[in-house]
Amino acid sequence: EIARLSDAVENMRSGLEIFGRYVSKTLVQQIMRSPASSGVGGTRREVTVMFTDIEGFSRLTETMEPELLTSRLSRYFEALGSAITANRGTIDKYIGDSIMAFWNAPETDPQHVANACRAALQAAAAGHALSDKWRQRGRPGFRTRFGLHTGPAVVGNVGARERINYTLVGQVANQASRLEGMNKVYGTEILASGEVARPTSGLFVWRHIDRVVAVGTTEAHDVYEPMGENASRAEHAAFLAVWDKARDAYVAGRFEEALAGFRAAAAMREEDAPCHVFIGRCETFLREGLPAGWDGTWHMDRK
């Protein structure tokens with residue numbers, strides 16, 4: 001009887017360990033402590049959501065065997081996922097080549113906004129390191145885009161009685177996805193909302209990229225790019241001073257001054273894509289005139 005009991009305990013331990021690879025280990029522990037929490041339903045709370053996507057992934061699938069692609073995606077997900085979970089994030093799901101993750105659930109995390117920002121920076125660095133290794137071996141690397149947003153959502157078990165999924169429901173997820181897509185417009189890697197940047201301004205160096213109205217929406221949102229953690233502030237100070245002055249002129253409609261400022265910023269960092277985006281806008285405005293009702297807000301015409 002003792003042997004059978006020992007085998008049963010070992011089988012349960014192994015089963016829970018395997019189960020924890022499919023869903024968050026924290027969620028598994030929560031269900032074990034309180035089986036009633038596995039029912040359909042959820043709670044409303046503030047969460048921070050991250051969406052990622054690989055640039056040009058569809059083209060890669062056309063040139064790579066499915067087995068090799070699966071192997072490389074698994075290594076890629078492991079590299080990014082480790083940064084997410086190390087910073088208390090919950091990976092909601094893998095969607096093709098994308099990751100959806102969130103913070104402040106299932107366990108509460110008072111520092112969820114900062115932890116999500118740190119995870120994005122570390123995940124981007126891990127992605128760079130992995131891609132550099134692949135390129136040294138003559139293989140194409142992955143370039144990842146990230147979107148971060150904070151807001152209210154209902155977090156819990158969604159689905160039918162026979163099959164449920166622990167996830168979140170709310171506009172916060174849609175906005176994080178839109179921010180990820182906006183990287184294509186600005187040539188950036190990580191974009192976050194003002195709701196993420198403002199409360200963490202003392203922990204990270206943020207660049208105010210733009211104020212935008214996304215496609216299919218009417219509300220304007222501030223968009224920021226994290227340049228690094230606070231320790232790197234001195235490294236970016238001179239560039240950001242020039243950038244911010246140029247943006248102030250741009251918002252005020254002084255496009256000649258703004259153009260000179262963005263060109264000066266581009267001279268400091270030649271590969272900086274947002275500088276060239278705004279140089280192009282200023283040149284267009286100087287050629288075609290001040291847009292009617294201009295208040296510095298950019299209305300997106302594509303996702």
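- A donor-acceptor contact shorter than 3.5 Å links the side chain of Arg247 to the backbone of Ile209.
- For Tyr186, there are no ring-ring contact (aromatic ring centres under 6.0 Å, His included) partners, not counting sequence neighbours.
- Partners of Tyr94 by ring-ring contact (aromatic ring centres under 6.0 Å, His included), not counting sequence neighbours, listed by chain and number: Phe77.
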Could you walk me through whether Val113 and Glu46 pass the side chain to side chain contact (heavy atoms under 4.5 Å, CB included) test, one step at a time?
-> CA-CA 10 Å; Val113 183; Glu46 193 87 0; over 6 Å; no
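- Checked against salt bridge (Lys or Arg N to Asp or Glu O under 4.0 Å), Arg143 has the following partners two or more places apart in sequence or in another chain: Glu55.
- The shortest heavy-atom contact between Ile279 and Ala266 is CD1-CB, 4.1 Å.
- Across all non-hydrogen atoms, the minimal contact from Thr297 to Ala220 is CG2-CB, 4.1 Å.
- For Glu229, the salt bridge (Lys or Arg N to Asp or Glu O under 4.0 Å) partners two or more places apart in sequence, or in a different chain, are Arg118.
- One finds a salt bridge joining Arg135 and Asp132 here, because a Lys/Arg side-chain nitrogen approaches an Asp/Glu carboxylate oxygen to under 4.0 Å.
- The shortest non-hydrogen separation linking Leu168 to Asp92 is N-OD2, 4.0 Å.
- Remark: Asp295 engages no residue in a salt bridge (Lys or Arg N to Asp or Glu O under 4.0 Å) (not counting sequence neighbours).
- Atom CE in Met50 sits 13.5 Å away from atom OG in Ser177 (nearest 0.5 Å).
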Could you give me the CA-CA distance, side-chain angles and deciding distance for Tyr250 and Trp298, then say whether ring-ring contact (aromatic ring centres under 6.0 Å, His included) is met?
-> CA-CA 11 Å; Tyr250 169 85; Trp298 184 258; 7.7 Å; no
Verdict with supporting geometry, Arg281 and Asp210, salt bridge (Lys or Arg N to Asp or Glu O under 4.0 Å) = CA-CA 12 Å; Arg281 286 186 190 176; Asp210 210 353; 2.8 Å; yes
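- Under a 3.5 Å cut-off, the side chain of His276 and the backbone N or O of Glu270 do form a donor-acceptor pair.
- Side-chain atoms of Trp243 do not come within 3.5 Å of backbone N or O of Cys275 as any donor-acceptor pair.
- Between the side chain of His236 and the main chain of Met227, a donor-acceptor pair closer than 3.5 Å is present.
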List the steps, then state whether salt bridge (Lys or Arg N to Asp or Glu O under 4.0 Å) holds for Arg207 with Asp244.
-> CA-CA 8 Å; Arg207 168 163 55 158; Asp244 289 339; over 6 Å; no
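- For Gln171, the CD atom sits in a packed shell: over 12 heavy atoms of surrounding residues, nucleotides or ligands are nearer than 6.0 Å.
- At a threshold of 4.5 Å between non-hydrogen side-chain atoms, the residues Leu80 and Phe146 count as touching.
- Judged by distance alone, the side chain of Asn104 and the main-chain N or O of Asp109 form a donor-acceptor pair under 3.5 Å.
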Got a list of side-chain donor-acceptor pairs under 3.5 Å for residues 60-70, not counting sequence neighbours?
from, atom 1, to, atom 2, distance (Å)
Thr61, OG1, Ser58, O, 2.5
Thr63, OG1, Leu60, O, 3.2
Thr70, OG1, Pro66, O, 2.8

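- Hydrophobic cluster membership differs between Met182 and Val213, with clusters built from Ile, Leu, Val, Met, Phe, Trp and Tyr side chains linked at under 4.5 angstrom.
- One finds the OG1 atom of Thr167 at 6.0 Å from the CZ atom of Phe102 (value rounded to the nearest 0.5 Å).
- Note that the CH2 atom of Trp103 and the CZ atom of Arg88 stand 12.0 Å from one another [nearest 0.5 Å].
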Hey, mind stepping through Phe255 and Trp294 against side chain to side chain contact (heavy atoms under 4.5 Å, CB included) and telling me if it holds?
-> CA-CA 12 Å; Phe255 297 121; Trp294 176 253; 3.9 Å; yes
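- The aromatic rings of Trp206 and Phe204 sit perpendicular, their planes meeting at an angle over 60°, well past the 30° parallel limit.
- Looking at Cys282 and Arg263, their side chains never come closer than 4.5 Å, going by heavy atoms from C-beta outward.
- Taking the side chain as every heavy atom from C-beta outward, Asp53 and Asp97 approach each other to under 4.5 Å.
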Residues Leu259, Phe285; criterion side chain to side chain contact (heavy atoms under 4.5 Å, CB included); working and verdict | CA-CA 10 Å; Leu259 178 59; Phe285 292 153; over 6 Å; no
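- Residues Tyr76 and Leu130 are in side-chain contact: their nearest non-hydrogen atoms beyond the backbone lie under 4.5 Å apart.
- With Asn183 contributing its side chain and Gly147 its backbone, the two residues share no donor-acceptor pair below 3.5 Å.
- At most 12 heavy atoms of other shown residues, nucleotides or ligands fall within 6.0 angstrom of atom NZ in Lys133.
- Between Leu121 and Ile190, the shortest heavy-atom contact is CD2-CD1, 4.0 Å.
- We find the CH2-CZ distance between Trp134 and Arg75 to be 6.0 Å, quoted to the nearest 0.5 Å.
- A donor atom on one side chain and an acceptor atom on the other are not found under 3.5 Å apart for His221 and Ser193.
- Closest heavy-atom contact between Asn230 and Gly202: CG-O, 3.4 Å.
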For Val223 and Leu179, run side chain to side chain contact (heavy atoms under 4.5 Å, CB included): C-alpha distance rounded to whole Å, both residues' side-chain angles, the deciding distance at 0.1 Å, then the answer.
-> CA-CA 8 Å; Val223 178; Leu179 285 159; 4.1 Å; yes
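- Between Gln111 atom CD and Thr48 atom OG1 the span is 11.0 Å, to the nearest 0.5 Å.
- Although no hydrogens or angles enter the test, the distance criterion places no donor-acceptor pair under 3.5 Å between the side chain of Arg178 and the main chain of Ala214.
- Rounding to the nearest 0.5 Å gives a distance of 13.0 Å between CE of Met100 and CD of Glu180.
- For the pair Arg211 and Asp222, the tightest heavy-atom approach, listed with the atom from each and the gap, is NH1-OD2, 3.0 Å.
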